[in-house]
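Here's the structure, in structure tokens; my notes come after.
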Amino acid sequence: MKKVLSLMAVAALLLLNGCTNTSETPITDALKSAKKGWVMTSVKSVPAYQLSAGVMLDELYADGDYEHSTGFFYSYEKDDVLIFGENGVLTIDPGTLLPEDPSEPYQIATAATYTVDEAKQQITFQMPWEYDDQLELCSVVSYDKNQLVLKYTRNDDSNPAKSQNTFTITYVPAK
């Protein structure tokens with residue numbers, strides 16, 4: 001009897017573990033599972049990204065800001081929230097608003113679109129730090145209800161001397 005109960009307990013554990021495996025949850029469902037949306041916590045660049053001031057950065061998100069030529073992102077971009085809704089509707093919420101000029105375009109929630117290719121494990125959407133409505137293709141590295149990791153390759157068209165950079169972007173659910 002103990003062997004049967006032990007086998008049933010092991011089978012139940014295996015079943016439960018199988019239910020939380022990200023490969024069995026559609027990407028679209030994982031994206032929509034963060035009811036308050038997703039915020040960036042890390043953006044790593046390979047090769048290191050060169051700012052116009054000559055600063056080379058591997059981690060684009062953590063330290064510094066664009067205003068002081070010490071980081072890739074403007075300070076106001078670091079709390080942008082991506083909300084993946086129904087029917088491919090993406091809302092980019094600016095997060096904390098700047099007191100200086102609340103009418104600036106980066107201060108307004110933006111409606112955009114997204115598509116998911118489950119078979120290829122790819123998402124196409126507007127990067128929150130790009131203000132040109134361009135949709136970008138990202139590969140999904142990993143995902144679950146607690147974290148979304150994407151890979152995005154960017155060509156810096158404004159400076160052809162710069163190389164092509166691949167960013168690994170990590171998002172977590174907004175609080």
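Every heavy atom of this structure was used, including side-chain atoms; hydrogens, water molecules and symmetry mates were not.
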Residues that Lys78 engages under salt bridge (Lys or Arg N to Asp or Glu O under 4.0 Å), provided they are two or more places apart: none
Can you check whether Ile123 reaches Ile27 side chain to side chain, under 4.5 Å on heavy atoms? yes
Listed partners of Glu118 passing side chain to side chain donor-acceptor pair (under 3.5 Å), at least two apart: Thr28
Any donor-acceptor N/O pair, Asn165 side chain to Ser45 backbone, under 3.5 Å: no
Across all chains, not counting sequence neighbours, the salt bridge (Lys or Arg N to Asp or Glu O under 4.0 Å) partners of Lys36 are none
Would you mind listing every salt bridge (charged side-chain N to carboxylate O under 4.0 Å, His left out) that reaches into residues 47-61, with sequence neighbours excluded? Lys44-Glu59
Note: with side-chain heavy atoms under 4.5 Å as the link, the other cluster members for Val39 come out as Val81, Ile83, Val172
Results of side chain to side chain donor-acceptor pair (under 3.5 Å) for Thr170 - residues two or more places apart only: none
Side chains of Thr115 and Thr124: does their closest heavy-atom pair fall under 4.5 Å? yes
Please list, chain by chain and in numerical order, all residues satisfying side-chain contact (heavy atoms from CB on, under 4.5 Å) with Ile169, sequence neighbours excluded. Met40, Val43, Met127, Trp129, Tyr152, Phe167, Tyr171
Is any side-chain heavy atom of Val140 closer than 4.5 Å to a side-chain heavy atom of Leu150? yes
Aromatic centroids of Phe84 and Tyr114 separated by under 6.0 Å: yes
Would Tyr49 and Phe72 count as a close aromatic pair, with their ring centres under 6.0 Å? yes
Any residue meeting side chain to side chain donor-acceptor pair (under 3.5 Å) with Glu77, in chain and number order, not counting sequence neighbours: Tyr131
Check salt bridge (Lys or Arg N to Asp or Glu O under 4.0 Å) between Glu136 and all other residues, then give those that pass, not counting sequence neighbours. none
Residue list, side chain to side chain donor-acceptor pair (under 3.5 Å) with Thr41, at least two apart or on another chain: none
Set of residues satisfying side-chain contact (heavy atoms from CB on, under 4.5 Å) with respect to Lys175, sequence neighbours excluded: none
Not counting sequence neighbours, list each pair that qualifies as a side-chain hydrogen bond (donor to acceptor under 3.5 Å, both in side chains) and has a residue in residues 81-93. Lys32-Glu86
